[in-house]
Each structure stands twice: as C-alpha cells, then as structure tokens.
Protein chains: 2
Amino acid sequence: MSVRKVAELAGVAPMTVSRVINTPTKVRPETRERVLKAIERLGYVPDLVASSLSSKRSRIVSALVPTLGNPMFSQVIQGLADTLRAADYHLIIGDTRYSAKIESALVLEMLGRRPEAIVLTGPVREERIRKALLRAGITVVQIWDLQPGHIVDCAVGFDNYAAAVAMMRHLLGRGYRRLGFMAIVGDERARERQVAFREALAQHKLKPTFEALPSRFDPAYDPTDEFIRQIEQHPETDAVFCASDMLAHLAIFACQRKGWAVPGRIALAGFGDLPLSAKIVPSLTSIRINQYEIGRRAAEVIVQRAGGLRPRTLVQDLGYEIVERESTAPP
Amino acid sequence: MSVRKVAELAGVAPMTVSRVINTPTKVRPETRERVLKAIERLGYVPDLVASSLSSKRSRIVSALVPTLGNPMFSQVIQGLADTLRAADYHLIIGDTRYSAKIESALVLEMLGRRPEAIVLTGPVREERIRKALLRAGITVVQIWDLQPGHIVDCAVGFDNYAAAVAMMRHLLGRGYRRLGFMAIVGDERARERQVAFREALAQHKLKPTFEALPSRFDPAYDPTDEFIRQIEQHPETDAVFCASDMLAHLAIFACQRKGWAVPGRIALAGFGDLPLSAKIVPSLTSIRINQYEIGRRAAEVIVQRAGGLRPRTLVQDLGYEIVERESTAPP
DNA sequence: CACACATATGGTACCGGTACCAAAAGGCGC
DNA sequence: GCGCCTTTTGGTACCGGTACCATATGTGTG
C-alpha cells in the first residue's frame, strides 16, 4: 500500500497523491475527489516514516520527565500532548526515573528519532548532552525549573527558589518559628526549595528543627513514619514545609492518627497544589503551579519555532501562587 | 551526518557501519573499533527514521489512554514505557480524553507512524477502526477491561464486572443494605461497575438509594457537593460504592466536614487502590488492580510477538483484590 | 595443497514518501 | 489567435538507512 498504488487507481502521478494529502488546495477539486476516493477504497494510510525521511520533518516531539507517576508531570505531558496534536505533532515520552544517567541515554536515543523538538525537565548538566543537542540543531525546551546557567535554548517554568521563599514568608508571617522540612529523597527539584527554606530561616536567625528526606520506596524511610518520628523527636516543631503536596497529605493523615491538631499543634504547607489539596480536611496551604499551562506553552514555543518564528521570549516565567488555606491558619 | 560519512572516515563500506551498530559481533573487533571511533569523532547518531523505513521495523509502540491525569493510567504507561525501553522500543502516547471520536482519529494517525504494536484502553467499537487495525497487521493489545466481544487481538487486564461484584459481596457481607453509587460522568469503564452494583443489589431484593454521576469539570456537579446533596436527600444511605478511589477520598473529606462518621454513619468503598487509600483516615476499602503490571505485561506480549513468538495466552486476566480497610468496618 | 566451508566485507537496489524542476493546460488582454 | 502568466500535473532523484547477494579472506581436513 503506497502512494504509487493509490496513484495508479486514481490515474494520476504519485506526486499528485502526495499533494492531495499535504496541500489539497493545490489540486483541482475533481482530481482531488478522484484521489480521495482511491485512498478511501484502498484504506490507504500514508506512511509518516517515509514522509519524515523524505521531507526532513518528522512531526515528532520527544519529552523526558522524571516520572509519570507524579501527577504534576503528567499534567505537563497532557498539556504538551493536547497542544501538539492540534498542530499535527506526535509525542514520544520517556521517564528518566529521576536518574541523570538514564536521562542522558534517553536524550541520545530520542535524537535518533529526529524529533523536531525535545522537552526536558530541568537543567542539562552533562556537556556531552548539551553538545549533542546543539549539534542536532533542534528546539530544546526545558520545563519546570528556570535555572539560569543551565538553559540550552528555551525554557518554560517558574522560579522554584522564589516560590519557596514566598512560602517561608507566609509561614513566618503567620507567626510560626520552629519549622521542619520534608522532601522525597532524590528529588533534585526539591533541593532548591530546601535551600530557600534554610536561607529564609537564617535571615530570621532561626534554625530548622529538622530536615527529613523520606523515601517512597524504602519502607525504612516511609514518609508517614518518618514524619511521626521527626515530630516526636522535635516536639517543639510548630510547622512543617513539605516539598510536595503528596507528602503534606500523608503528614495530615499522620497527624489525624496521632491526634495532633492541624493547625494548632502543627501547621503544614505543601507544594504543587494538587486538586485534592483544596478538598482535604484541613485544606492545605500550597504553592500553585499551572502544570498544564507549562506543557501548553512549551508546545506553543515548539510550534512557533517550527513555523520559522523566533519566539519573543526564550525564557517564560509562569510564576506561582501561594494558596493560603486552613492548614496554616495562625496558631 | 550519515553512515556514508562515518564509513568514509573509517575506511569501510556503509554496510559495515550499519553492522557495527546493529550486529556488532558480525564485524571483526579491530574493524569495529575503527568504526566506533569514527562514530564517536563525528558525534554520529543513527537515523532511526531511515532505519525504520528500510528495515520495516519502526521499534515504535503507540499507546492510547483516556487521560494521563488519572494516576491509574499513568501507572500503566510507566509499566509500558519501562519495559519497552529495555527492549529498545519507544512509546508514542495519545490521550483520548474519554472520547471515542478522538480515539478513532488517533488510531489512524498513529498507524501512519507504522508502530509495531498499538495499545488501546478498553474495547474497539467502530468497525472501521477494527478493520484498519487488522489491515495494519500489527499487534493490538487492549488493556484494562476484558470485554469478550470487543477484543481484536490480545488483551491484558481484569474483569471489571467481577471485581465490582466482589466488592458488593463485601459490603453486603458487612451488613450494609442501603447503598448508593457514584462515578465520574462519561467514564465508560465505570459503567460495568455500575451494572454490577445494580445486579448485586437486585439479587438481594434491594434497591440503590441513589446513583450519582458527578463531573470533574462542571462545577454544578462537583463531586463533593454532589455527594453531600445525595446523602442529605437519601439519609437512609449507610454505604456508598465509589467507582474510583479519588471520588471516595473526596467523599471522606465531605463526611469530615459534615461530621458524618466513616464508618458509622456512612461506609465508603473505592476502586483502584491508590497509594493514598492506605494512608487516608479512615483508610479506604478498595479494589486493587496492579496497573504497572498491566503495562509491563502488555509490553511483554508486544516484545514476544516481535520476536516471532505467539504468546500462549491471548487474554491475560491479572485479577483484582478486595482490600478491606477501616472505611467499611461493620456498622 | 586443493577443496569445502565459515567468516568478514562490499555493491546495489530499494523502502515510500517528497523537493525540485519541467511541462502541459487553462485564463486573459489586446 | 498570440503571447504571457498562473494553475495543475508529471518525472526524476534523493532522503539515510538495510536486505540481499556477491566477493574476498581465513580455517580446517584428507
């Protein structure tokens, strides 16, 4: 099944079939009809692989995220997929499982598919990879974090550090002084929030009561148990900043089991503003990032670039919003 | 940058370069080294598009899911992606947004990429699509639901109906008699659970107190509000079967706000056993489906098929497990 | 040492589209 | 009717790999 077969049946040249598919207006309506009928009759589905090779336009974008298990990233992917599909692109995805090594290998693999753009989560640290990306000459969009020194081409995201600082301002503003911090171990992107946490405390001449890095995989560091352990060891703690809403949810449940009032005994704040955070009891103070919009904007940049435009802004800061809810009501 | 360039630099024929990449053992070690050095020096990345066209093996699998927003499906995708990558395949994804129309269009688009297999969520209803899939002659794996009449080729999943029946047996066994049902509107896959709900009640000569289909998008049918409305209108209700854990979580929070004891005033059961369900207070009775495993097995079938094997079983029922927790403790 | 045979490498055509240019057909003014 | 320009269609080569077969080189045996 090929253009040639269709062309034969319709009594035209292969090239005309190609035109019917790609630039229908350039074919006389009656010819077009004849070709369309032949396509229909044969159940012909154009081979995009051949098309990609010949036209040097793959209409493929590949995206790498740390994990699809985290709803934050799947939101981004959804924003990407929706917008790209509307522009006739397809999305190849890879999950790096938070590993820089897997990420590097994946980037090279992906480049083999000759995508027109590649979407990466966070910074590009390896020089080898940066070089390969530049040599490929394709659009590179880095999403999520906006770390100045590490941007290869374009970036769409928000300032992780500033967001965490804003949350600390909120907590300190509410009068909390004995603060703890929790983040999933290995989450590179939480690191900056931890730095912000420390520095904000230092500015007020305060010290963390604890900084815990529980694991989702190692049962010895189960987030719930770890939270309880830390609070019991540091009972003076009056608020905990969790680097992700999921952790904060677990902390709320742990408090319920223990009979610790939230807020009252302990205030809790999260990051990411998952849908559940507005509904949970008590509702969770969090930092809202418009994930879907990050994906949508990234796709937009890609489509614009493909259309030959140089987008005005190479770095788009979509900002964040502190959503104040019950879990951090004044003590 | 092409095999020819590399071949020239290494002083061999293009074909030898191809062999170094695909079947290294068929090349004398010293020749191989020379070629590898040339590849390294030029930063050559083989063009998989050309390779696909020429070899008629795209090493691409495409997967369609209703949404990536639902952690259940992203788990499946992750299982797929991990296993496929280990076998040197790439994954193209599409989300159908629960729309049969989008799904059909996507299937055709995807076929254009000449994937070696396509993964679909649930049944194939349109005859046109079924035909196109058969004509493409590729492996079709339907995941999730195992509906007998709708399987094109292979299927990996569980029996939705049986799972819901088992949950009803559990609820009735615990003595609950005045049952309500909730599912997100438009969720095709919840439909069977609803049927099971009704039939199980009918067998006990019972009638549902209510069946509600809230929406995640239409604020007039916000799941939380809808749940409260239904309970207030049908105060005799002593248990609610939610077609997804997410709904059950929202219901728990609604009960907390209203001061309704769970269990006690109302028992709640979910579906899917999200990680949070074990942690929430009260912990949620649910039906566990091993999502990741569904993805893994689907990938396994695909890889086996590609290797020329006909897998023993075309339909793999991975089963389910009723996880009894606090939310349905006896009244 | 000739022969059969395995191993290593090369040459050529082809996968199924499309870019590019040439040619034919149609439209219009004078 | 002729020339000129636009629109429509066709022919050919090529994208960058690999299948297939031919050829060259090495290996063991009687």
Side-chain angles (χ1 to χ4, degrees), chain A residues 1-36 38-39 42-60 88 90 109 111-116 135-138, chain B residues 1-36 38-39 42-60 88 90 109 111-116 135-138:
Chain A
M1 200 55 41
S2 74
V3 267
R4 292 166 231 262
K5 276 266 189 305
V6 176
E8 200 180 338
L9 182 60
V12 296
M15 196 54 230
T16 303
V17 176
S18 173
R19 272 189 278 255
V20 169
I21 293 162
N22 301 303
T23 51
T25 58
K26 298 212 158 198
V27 177
R28 192 149 41 100
E30 50 185 294
T31 313
R32 195 193 310 154
E33 279 314 310
R34 214 150 23 103
V35 172
L36 286 175
I39 288 177
L42 295 172
Y44 169 70
V45 179
D47 186 328
L48 297 179
V49 175
S51 172
S52 300
L53 177 61
S54 176
S55 67
K56 298 174 171 307
R57 299 214 47 194
S58 64
R59 304 205 82 85
I60 278 195
D88 271 319
H90 286 156
E109 276 181 37
L111 287 180
R113 297 279 174 198
R114 300 296 186 263
E116 293 185 34
R135 184 161 35 215
I138 59 176
Chain B
M1 200 55 43
S2 73
V3 267
R4 292 166 231 263
K5 275 265 190 308
V6 176
E8 200 179 340
L9 182 60
V12 297
M15 196 54 231
T16 302
V17 176
S18 173
R19 273 191 275 257
V20 169
I21 293 162
N22 301 302
T23 50
T25 58
K26 299 211 156 197
V27 177
R28 191 147 44 98
E30 50 186 292
T31 313
R32 196 192 312 155
E33 279 314 309
R34 214 149 25 101
V35 172
L36 287 175
I39 288 177
L42 295 172
Y44 168 69
V45 179
D47 186 328
L48 297 179
V49 175
S51 173
S52 301
L53 178 61
S54 175
S55 68
K56 297 174 171 307
R57 300 214 46 195
S58 64
R59 304 206 82 85
I60 278 195
D88 271 320
H90 286 156
E109 274 181 38
L111 287 180
R113 296 281 174 197
R114 299 294 185 264
E116 294 185 34
R135 185 161 35 216
I138 59 176

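Remember, predicted model here, so these are calculated numbers, not experimental data. Per chain, numbering begins at 1; letters A, B, ... match sequence-line order.
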- May I ask you to verify if any side-chain N or O of A:Lys26 is less than 4.0 angstrom from the OP1 or OP2 atom of D:dT9? no
- Side chain of B:Asn22: nearest nucleotide among D:dT18, D:dG17, C:dG16? D:dT18
- Message: Side-chain N or O of B:Thr31 versus OP1/OP2 of C:dT9: is the shortest distance under 4.0 Å?
- Response: yes
- Sorted by chain and residue number, the side-chain contact (heavy atoms from CB on, under 4.5 Å) partners of B:Arg34 (sequence neighbours excluded) come out as B:Val12, B:Thr31
- Query: Looking at residues at least two apart in the chain, or sitting in another chain, which of them share a side-chain contact (heavy atoms from CB on, under 4.5 Å) with A:Ser54?
  - Reply: none
So which protein N/O to nucleotides 19-23 of chain D N/O distances come out below 3.5 Å?
none

- Task: Tell me, please, which residues at least two apart from B:Arg135 pass side-chain contact (heavy atoms from CB on, under 4.5 Å).
- Result: none
- Against the side chain of B:Ala50, the closest entry in D:dG10, D:dG16, C:dG10 is D:dG16
- Query: Which heavy-atom pair separates B:Arg32 from B:Val27 by the least distance, and what is that distance?
  - Reply: NH2-O, 3.3 Å
Pairs: protein N or O with nucleotides 23-27 of chain C N or O, under 3.5 Å:
none

- Message: Between A:Thr16 and B:Leu53, which residue's closest nucleotide on DNA chain D lies nearer the 5′ terminus?
- Response: A:Thr16
- Determine which bases of DNA chain C form Watson-Crick or G-U wobble pairs with both distances under 3.5 Å, and write the result as a 5' to 3' dot-bracket string with | for other-strand partners. ||||||||||||||||||||||||||||||
